[in-house]
Amino acid sequence: MKVTLAKSSGFCSGVQHAVDTAMRIPPENVYLLGELIHNPAVTRAVKERGIVTVESVDEVPPGATLILRSHGVGREVYAACKEKGISVVDCTCPFVKKTQGIVKDRSAAGKTVVVVGEKTHPEVVGLCGWCTGEVLVCSDPEADFSALAGKEAAVVAQTTCSEEVFEKIIKNIEKVCGKTVEIFKTICYTTKERQREAAALASECDAMIVIGGLNSSNTNKLFRICSERCGHVFRLEDASGFQFQKIKNFKNVGIVSGASTPHTQTQEVLFKMENNTEVKATNEMEEVVAQMDNGQSKLKRGQLVTAIISSASDEGVAVLLPFFKKEILLEKDEIDCEEYKAEDFAAKVGDEIEVMVLSPSNPVKLSQKAIKQLKEEEEKIEAISNGEEFDVTCTGFNKGGLTSSMGTYSVFVPAKEIRMGYVKELDKYVGKKLRLKALEIKKSDRKKEIIASQRVILEEEKAARDQAKAEKEAEFFANIHVGDVVEGKVERATNFGAFVSVNGFDCLAHISDLSWSGVKNVTDVLEIGKKYQFKVLKVDEESKKVSIGYKQLQPQPWDLVAEKYAVGDVVHGKVVRIVPFGAFVEVESGVDGLVHVSQISHEWLENPTSVLTIGEEIDAKIIVLDPASKKMTLSIKALLPEPEVTKVRPRRENNGEEKGERRQRKPRQPRENREEDEYREWTEGGVGGASIAEMLQNKNND
């Protein structure tokens, strides 16, 4: 014989909470409004503790404590307790509490409330107690709903209602009301699951055993569901009614129990079956009994579960989970809210919340924040899978590449994907930030991994830079021409010139184009980081080169000579070059004058170097000035005193003069006083000098 126990067996979380409360509360002066649950064994246990069961608040003395069972009550009960000073311990099932809120709000809004359920059931009575307007209770799908025609209606269900019956009633109501009806499927999800499991199990088994109180609504519904699908269904209130002889000939036997049935009663039935040798020989009953745990084996780490808020305290929120017999504490640090306040969550009792299982056992730990983080992570993963860039800090490496993590995902960057080019020392990347794009995302129950690349980002950026540079260069060369005057910033200096940024493009100002007088260092003329005006000298788009000049926009020294100097002026200068026919004197930067050898001294000189040296500073007189031809002739001897005349013994010649007497030579006049056609000027390098006649005369005098 094969025995199968439905997974959703025993107390639901709401009933478990009520029973736990009744069994641990100090019983002195404590009363219970109606049977805690529809189970004789539990009723006896509560009574044995000394808790008195009453049917009305009128039976409870002032100042006492009253337990409200999981079925809930109407608002008039709370009002009566408040008036008599009775302390209320509210064990109303969160699902019921939520339905009460719906009924209250819709009734206050003027809608006709329809409650699908048993009219005399305590839960339905309590729901009707929250209505201020018209309310209709029905459990028969074939009932007459014509009274709802033309009205706005709101439909709710008893939490233990048959899902099948509820769906049929909704369809019939919609036929009458159309779109004016508002449907709330308030059947407890554990009830739905329990009913679905019972239907599936009954369809597969030869016989079914339904365990639970004979007056239990939800157990009776399970019995009806099983009877519709299986020809042999046995109804047991507890193990005392079990008779093995009735089931011994069936190969497959299924067992279900109601939400108000303690799991111990189901275990007793299983133990009786286990102790029967015929069953024991063919079945591992221990596996069946093991299903009667507290639900922890059904949880997995990372699992998302819908829970119901049952109470709130300073420590956090107590929630009820499917298949669990006890409340689980959702700690306040794991609740997704800006600031936790118990009173805020106390008002949400009965609301559903989604939680994540952080630890499935010892003890069970839940989190709401983890879901938010998970959703944010999944949104991020979705964006990453679509090509969005993300960053992580490298935490390690192996032979293949770099490792890191992002949330619950591990991140691996292959060595060839770190950058453009070969990476030899992977350890140098540990602790550094990596900019990545996903190449592949792997996700399974065991592992979540992102294989990523930094190289693709660097390549994309380089391509973008190259493209931008090409576009910028094309625009630059389209708008620059030889002769243009442009503004540029001096970026760096070399020994051959300065690189100048003109509209973001590097142009070269050669050192020869910085000053008319010539310079040795770029910084003698230009300052790094400063902006100047330049003239475009050459444009070569093919080689991407542009030459510019600074001196071309500056006045040449000879352009100002006419304004600064005149013939006859005495100037001070420095000998910068000596040649056989004279010496060149720098009057100012870019302006040189020639002192011909005949203008250095009154005496004949074989070589200018016998009197002058390079670097020597001298004074000279301007005797010729031609700015247009860039010529200036200087004379040192013009500033020197005339030499004394030397006398010799007279001697007459045929012309009547005394023989032996040398004819006295008249003092030589300054060059500027001579006739221009008297001498032929000897020029070198465009600078004037002395005449040949003058040099010959000086030679003869020697």
CG-CD1 distance between D569 and I622, expressed to the nearest 0.5 angstrom = 5.0 Å
Would one find more than 12 heavy atoms of other residues, nucleotides or ligands at under 6.0 Å from atom CD of E376?
-> yes
Pair listing, side-chain hydrogen bond (donor to acceptor under 3.5 Å, both in side chains) test, anchored in residues 381-393, at least two apart = K380-E388, E389-R435
Examine the side chains of N521 and T523 and answer whether a donor and an acceptor come within less than 3.5 Å of each other.
-> no
Hits for side chain to side chain donor-acceptor pair (under 3.5 Å) against S543, two or more places apart or cross-chain, chain-then-number order -> D540
Can you sort out the partners of K489 under side-chain contact (heavy atoms from CB on, under 4.5 Å), two or more places apart, ordered by chain and number?
-> E491, K531
Got a second to check how far L434's CG is from I418's CD1, nearest 0.5 Å?
-> 7.5 Å
For Q467, enumerate each residue passing the side chain to side chain donor-acceptor pair (under 3.5 Å) test, keeping only those at least two apart in sequence or located in another chain.
-> E471
Could you tell me whether a side-chain N or O of K631 sits under 3.5 Å from a main-chain N or O of V624, the two making a donor and an acceptor?
-> no
Is W516 reaching over with its side chain to a backbone N or O of Q554, donor-acceptor style, under 3.5 angstrom?
-> yes
Under 3.5 Å, is there a donor-acceptor pair between the side chain of S601 and the main chain of E603?
-> yes
Would you mind reporting whether T494 and V522 have side-chain heavy atoms less than 4.5 Å apart?
-> no
Determine yes or no for a side-chain-to-main-chain donor-acceptor pair under 3.5 angstrom, with S610 supplying the side chain and N607 the backbone.
-> yes
Which residue pairs satisfy the ring-ring contact (aromatic ring centres under 6.0 Å, His included) criterion with at least one member in residues 453-481, sequence neighbours excluded?
-> F476-F505, F477-F505
Check the pair Q373, E377 against side chain to side chain contact (heavy atoms under 4.5 Å, CB included), reporting the backbone distance first and the verdict last.
-> CA-CA 6 Å; Q373 295 170 354; E377 180 180 273; over 6 Å; no
Look at R492 together with D506 and state whether they make a salt bridge at an N to O cut-off of under 4.0 Å.
-> yes
For G568 and K621 the tightest heavy-atom approach is O-CE, 3.6 Å
Taking E487 for its side chain and Y532 for its backbone only, find out whether a donor-acceptor pair lies under 3.5 Å.
-> no
Under the side chain to side chain contact (heavy atoms under 4.5 Å, CB included) rule, what do I384 and L436 come out as? Steps first, then yes or no, please.
-> CA-CA 9 Å; I384 289 173; L436 304 171; over 6 Å; no
According to the side-chain hydrogen bond (donor to acceptor under 3.5 Å, both in side chains) rule, which pairs have a member within residues 398-407, sequence neighbours left out?
-> none
Check the pair V411, E449 against side chain to side chain contact (heavy atoms under 4.5 Å, CB included), reporting the backbone distance first and the verdict last.
-> CA-CA 6 Å; V411 178; E449 182 182 33; over 6 Å; no
Side-chain contact, heavy-atom cut-off 4.5 Å: K535 with Y550?
-> no
Between CD1 on residue I614 and CD on residue E616, distance to nearest 0.5 Å | 11.0 Å
If you measure from CG on N503 to CD1 on I480, what distance do you get to the nearest 0.5 Å?
-> 7.5 Å
Looking at side-chain heavy atoms only, is the closest gap between Q599 and I623 below 4.5 Å?
-> yes
Crowded around K574 NZ? As in, over 12 foreign heavy atoms under 6.0 Å?
-> no
Do F390 and M406 have side-chain heavy atoms sitting under 4.5 Å apart?
-> yes
What are the two closest non-hydrogen atoms of L640 and I600, and how far apart are they?
-> CD1-O, 3.9 Å
Please confirm whether the backbone N or O of P555 pairs with a side-chain atom of D559, one donor and one acceptor, at under 3.5 Å?
-> no
Any V576 side-chain heavy atom under 4.5 Å of V585 side chain | no
What are the two closest heavy atoms between D619 and H572, and how far apart are they?
-> OD1-ND1, 2.7 Å
Distance-minimising heavy-atom pair for S410 and K447 | OG-CE, 4.3 Å
Donor-acceptor pairs under 3.5 Å, side chain of residues 336-347 to any protein atom, not counting sequence neighbours: which ones?
residue	atom	partner	partner atom	Å
Y340	OH	S313	O	2.6
Y340	OH	G316	O	2.9

Start with the C-alpha distance between I441 and I381, add both sets of side-chain angles, then the distance that settles side chain to side chain contact (heavy atoms under 4.5 Å, CB included), and finish with yes or no.
-> CA-CA 8 Å; I441 298 177; I381 293 298; 4.0 Å; yes
Quick one: are E473 and K544 in side-chain contact, heavy atoms under 4.5 Å?
-> yes
Contacts of type side-chain contact (heavy atoms from CB on, under 4.5 Å), residue K375, not counting sequence neighbours = E354, I371
For E460, enumerate each residue passing the salt bridge (charged side-chain N to carboxylate O under 4.0 Å, His left out) test, keeping only those at least two apart in sequence or located in another chain.
-> K437
Got K443 and Y409 here, is their nearest side-chain heavy-atom distance under 4.5 Å?
-> yes
In chain order, what residues pass the side-chain contact (heavy atoms from CB on, under 4.5 Å) check against V357, with sequence neighbours excluded?
-> L299, Q303, V305, P360, L366
Show me the donor-acceptor pairs, under 3.5 Å and distance only, between side chains in residues 420-431 and residues at least two apart or in other chains.
residue	atom	partner	partner atom	Å
E425	OE1	K428	NZ	2.6

With side chains defined as the heavy atoms from C-beta onward, is the minimum distance between D513 and L537 less than 4.5 Å?
-> yes
Interatomic distance, L374 atom CG to L304 atom CG [nearest 0.5 angstrom] = 6.5 Å
Are the side chain of H510 and the backbone of A498 linked by a donor-acceptor contact shorter than 3.5 Å?
-> no
Minimum heavy-atom distance L514-V525, with the two atoms named | O-CG1, 3.8 Å
Do you know the tightest heavy-atom contact between I511 and K520?
-> CD1-O, 3.4 Å
Spacing of CG belonging to L439 relative to CD1 belonging to I450, to within rounding of 0.5 Å | 11.0 Å
For L358, which residues count as a side-chain contact (heavy atoms from CB on, under 4.5 Å) partner, sequence neighbours excluded?
-> E334, M356, K365, S367, A370
